[in-house]
Amino acid sequence: MDLSGLNEPQKAAVTQTSGAVMVMAGAGSGKTKVLTTRIAYIIDELGVSKDSILALTFTNKAANEMKVRISNILGGIDTKNMWVSTFHSFCVRILRKEIGHLENYTNSFNIIDEEDAQKIVKDICKNECIDSKPKELRHLISKSKNFEAFSIDDPFLNQDYDTVSRLYEEYKIKNNLLDFDDLIIKTIELFKEAPEVLYRYQYKFEYILVDEFQDTNALQYVLIRMLAALHNNIFVVGDDFQSIYSFRGAKIENIHKFRRDYKDHKMILLEENYRSTNEILNLANCIIDKNPNQIKKVMYSHGKTGDKPILYDADTAFGEASFVVEQIKKLHDKGDSYSDFAIMYRANYISRGFEDVLLREHIPYRIFGGLSFFARKEIKDMTAYLRVLVHPDDNFSFLRIVNEPKRKIGDKVIESLTSVSNEYNKSLFDSIDLYSGSGSIELKKFKIMMTSIKESLANCKLPDIIDILLKETSYEDMLKKGDSDEYQDRISNIKEFKSVLKETELDHEDEGLTNEEILDILLSDLALRSENDDAKESDSVILTTYHQAKGLEFKNVFMVAMEDGIFPSQNSVTKEDVEEERRICYVGITRAKDRLFISHVGRRFLFGFTQQMMPSCFLGEMKREFYNLYGEYKTPKKDIESKAIPNVLSAKDAVTSDLKVGDKVNHKTFGDGKVISINGKIAEIAFALPTGIKKMLSTHPSLTKIN
DNA sequence: CGCACTAGACTTTTT
DNA sequence: GTCTAGTGCG
């Protein structure tokens with residue numbers, strides 16, 4: 001196999017196939033290239049079957065991209081069914097086959113998303129008259145399931161947590177439901193309780209590869225270790241600089257753990273950056289240098305040079321958006337495509353102002369994120385209908401749609417039906433025949449309707465089942481009655497969903513499956529999918545959060561809304577939080593290949609108020625020599641220096657200031673406040689309304705003591 | 001049971 | 001400011 005396109009460390013990472021290998025791959029160092037070439041190498045040079053390789057990623061997009069690239073390297077081989085997938089999809093694939101080895105679940109289990117999980121917790125709280133906030137409880141449940149340490153001081157909350165988490169588990173078992181956390185947990189449980197099953201998979205997967213290793217959590221690490229225990233051919237790629245998912249339980253410590261657990265591992269550093277210009281890397285290095293606890297690693301540029309990053313200081317969000325659009329137009333006129341641009345921000349709500357201006361200027365754009373396609377109400381409703389068609393015993397889906405559109409089947413009727421179903425130990429759908437109380441006519445009509453739709457399913461083209469559903473269930477009529485813009489929106493989403501069915505049908509066209517079987521395959525992991533999975537090529541400007549931009553690269557990047565309170569987010573309280581924000585900033589900078597623009601505004605309309613904004617403390621961490629102010633070359637130097645740009649960072653002052661109760665302080669975003677308590681490093685500070693009382697690190701860079 | 005109005009939350013990141 | 005869930009009335 002031709003490896004001449006690789007540098008030495010990359011080559012080593014590809015050819016060192018046996019044993020444990022850890023690759024520390026800096027941003028833009030050819031990580032995906034190494035992963036895919038290595039898999040191709042194992043197949044092509046070692047003659048290993050492609051079914052004996054397991055590659056785990058964090059996003060479907062990364063998994064799909066890897067499959068395509070492996071196929072390309074190996075002359076177009078079929079990689080569709082390779083075990084290259086996200087952790088979660090991998091677990092679903094195992095559990096669909098094997099979950100019968102565990103008690104309580106059958107392999108037609110349904111996967112619930114975060115919205116469903118929250119609704120279940122909320123309903124439990126309501127039924128049990130529990131006062132604690134459902135959202136907080138749900139959060140704690142997820143935390144505990146990922147074996148994260150936490151303690152609850154409040155005895156009431158503690159008691160509520162015990163009750164609700166128990167009932168939540170019971171509810172899921174009763175309804176054959178698994179949440180995202182369960183997918184990993186149940187797989188581990190399965191492997192523990194059925195060692196022969198574990199052995200089968202250990203034996204099968206001779207080579208295991210893990211992408212974005214720095215983002216694995218404690219459970220995912222356990223899973224990897226279990227699977228690799230027989231052949232011990234385990235290859236992990238990560239970059240501790242890009243660890244930005246600790247809020248989801250990701251553990252950088254897994255990197256150290258790996259090094260301890262696999263004593264003989266080989267460590268390979270990929271330090272040569274092929275993506276960005278020198279100028280961009282300089283700025284990235286400035287930022288990451290400020291984080292004390294990173295594994296030291298130098299990023300060498302590949303020698304590409306370009307313009308210094310540009311900093312723009314706008315008055316308002318509108319001014320900022322106009323600036324960005326102006327730059328895009330200018331560069332587009334010079335020949336860049338719209339898809340060469342990305343506008344990046346810390347939180348989704350920032351996108352609005354940019355959308356407005358892009359729309360008005362007729363510049364095509366695409367937004368990553370926000371509400372996932374498959375999480376939209378109409379799509380979840382359609383999915384629930386389809387699930388009831390294929391699995392009539394799916395009570396959870398049944399309850400979602402039995403009265404949607406309204407069919408006069410209310411809570412009271414469902415309550416009585418449920419007691420019948422408990423009595424005869426049958427599903428709600430099957431209990432309809434046995435039920436004779438009030439509402440029985442409506443229920444029977446519903447059942448007849450669903451049965452007739454199911455008959456149509458056997459004889460129609462698969463996507464047409466959506467039209468049949470829309471018509472027969474009167475779902476479309478219901479939408480038509482509502483707002484017409486909303487109707488357009490929802491119908492076009494449903495059309496899009498129809499094309500997902502079409503794709504699935506095509507994927508399986510020669511396999512002699514019935515429509516019902518194809519639907520079952522489609523439904524099996526729908527909850528894990530998101531619309532950005534397929535890198536749809538379209539000539540559009542991309543609007544995205546830093547998190548969703550991870551792994552991507554763009555010729556021109558705009559980092560916008562670089563203001564304290566937005567980035568770093570005002571929710572980052574501890575030193576660790578701010579360090580993670582800093583890594584997010586690093587991820588943002590290193591997405592850019594040629595040009596980087598950084599902007600911030602003086603005032604911004606937020607939560608119904610116009611607020612004074614201060615530049616992000618990260619701007620102060622960027623050495624002045626490494627960027628230009630926009631228009632610097634035309635503006636007299638004196639003016640620039642009088643501008644309130646950077647050394648905003650009062651970090652030095654702040655770190656040395658130790659606060660006491662009663663001290664008056666100033667926060668760059670919240671204004672003046674008074675310290676009301678100190679607990680270790682955490683200070684509780686009362687600010688003027690609307691901010692009110694905030695807990696924050698007393699050494700937070702945005703805080704200064706005033707006398 | 002369904003509609004209309006109101007109060008409250010929301011704005012961190014996601015498989 | 002905008003969206004949503006919850007309440008109360010017809």
Side-chain angles (χ1 to χ4, degrees), chain A residues 56-63 85-92 111-115 117-119 122-123 126 133-135 139 142 146 178-184 211-212 215-217 219-220 242-250 317 344-353 368-372 374-375 377 403-414 438-439 442 478 481-483 486 525-533 544-550 561 565-573 577-578 580-581 583-585 587-588 604-611 669 690:
Chain A
L56 295 168
T57 65
F58 273 85
T59 63
N60 295 302
K61 195 178 188 171
S85 71
T86 64
F87 273 92
H88 295 267
S89 305
F90 167 75
C91 290
V92 172
I111 305 164
I112 54 171
D113 64 16
E114 198 44 48
E115 187 201 350
Q118 275 188 24
K119 186 168 184 304
K122 203 169 166 187
D123 288 348
K126 206 173 157 191
K133 286 184 185 146
K135 233 183 151 176
H139 183 70
S142 181
N146 285 292
L178 296 176
D179 65 23
F180 290 148
D181 299 326
D182 293 329
L183 296 176
I184 314 278
D211 190 15
E212 307 276 14
D215 288 336
T216 51
N217 68 21
L219 291 170
Q220 287 158 341
Q242 295 186 65
S243 163
I244 58 173
Y245 280 102
S246 72
F247 70 95
R248 244 171 58 193
M344 300 188 187
Y345 33 77
R346 179 64 233 274
N348 278 312
Y349 66 89
I350 297 294
S351 70
R352 281 201 190 161
F368 279 10
L371 193 54
S372 149
F374 295 97
K377 183 184 178 301
N403 201 30
E404 184 76 22
K406 300 283 179 273
R407 302 189 174 90
K408 303 198 162 145
I409 302 171
D411 292 347
K412 286 269 146 26
V413 178
I414 291 302
S438 76
E442 283 78 14
M478 174 189 75
K481 271 190 217 150
D483 181 88
E486 193 182 297
D525 65 353
L526 210 55
L528 299 178
R529 294 229 227 152
S530 61
E531 60 191 318
N532 300 325
D533 288 354
T544 173
T545 62
Y546 297 113
H547 282 84
Q548 289 182 102
K550 196 161 154 218
I566 293 178
F567 193 25
S569 154
Q570 56 179 303
N571 296 314
S572 12
V573 175
D577 290 342
V578 176
E580 176 142 327
E581 297 284 311
R583 290 192 294 269
I584 297 171
C585 185
V587 167
R604 184 179 286 283
F605 196 73
L606 278 179
F607 319 125
F609 301 94
T610 298
Q611 309 204 10
T669 314

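Letters A, B, ... are given to chains in the order of the sequence lines, protein chains preceding strands, and every chain is numbered from 1.
- Counting any heavy atom pair closer than 4.0 Å across all strands shown, A:Y546 reaches no nucleic acid atom.
- Between A:A63 and A:S85, the closest heavy-atom pair is CB-CA, 3.8 Å.
- Within the 4.0 Å cut-off from OP1 or OP2 of C:dT4, not a single side-chain nitrogen or oxygen of A:K122 is found.
- Note: CZ (A:R604) to P (C:dG1) measures 17 Å, nearest angstrom.
- Between the C1' atom of C:dC3 and the NZ atom of A:K377 lies a distance of 15 Å, rounded to the nearest Å.
- When the P atom of B:dT14 is taken as reference, atom CG of A:D181 falls 16 Å away, rounded to whole Å.
- Residue A:K408 is the one, among A:K408 and A:Y349, whose nearest nucleotide of DNA chain B lies closer to the 5' end (criterion: closest heavy atom).
- The minimum heavy-atom distance linking A:A527 with A:I111 is given by the pair CB-O, 3.7 Å.
- Ion pairing between A:E581 and A:R583 fails under the 4.0 Å rule for side-chain N and carboxylate O.
- Annotation: A:Y245 is not in aromatic contact with A:F58 [ring centroid separation under 6.0 Å not met].
- Nucleic acid contact for A:Y245: sugar-phosphate only, since backbone atoms but no base atoms lie under 4.0 Å from a heavy atom of the residue.
- Regarding A:D525, its CG atom lies at a distance of 20 Å from the P atom of B:dT14, rounded to whole Å.
- The nucleotide whose nearest atom lies closest to any side-chain atom of A:K406 is, among B:dT14, B:dT15, B:dG2, B:dG2.
- Contact annotation: A:Q548 side-chain N/O to B:dT13 OP1/OP2 distance is not under 4.0 Å.
- Not one side-chain nitrogen or oxygen of A:N60 sits closer than 4.0 Å to the OP1 or OP2 atom of B:dT15.
- A:D179 places its CG atom 15 Å from the P atom of B:dT15, with the value rounded to the nearest Å.
- For the C1' atoms, the distance from C:dT4 to B:dT13 is 22 Å, rounded to whole Å.
- Comparing A:N403 and A:F180 against DNA chain B, the residue whose closest nucleotide sits nearer the 5' end is A:N403.
- The CD1 atom of A:I566 sits 12 Å away from the P atom of B:dT13 (whole-angstrom rounding).
- A straight line from CZ of A:R346 to C1' of B:dT14 spans 12 Å, rounded to a whole angstrom.
- Contact annotation: A:T545 reaches the phosphate of B:dT14 (side-chain N/O to OP1 or OP2, under 4.0 Å).
- Within the 4.0 angstrom heavy-atom criterion, only backbone atoms of the sugar-phosphate kind lie near A:I409; the bases stay farther away.
- In the model, A:S89 has no side-chain atom that pairs as donor or acceptor with a side-chain atom of A:D525 under 3.5 Å.
- In this structure, A:N348 places its CG atom 8 Å from C1' of B:dT13, rounding to the nearest Å.
- Residue contacts shown for A:F58 are limited to sugar-phosphate atoms, with no base heavy atom under 4.0 Å away.
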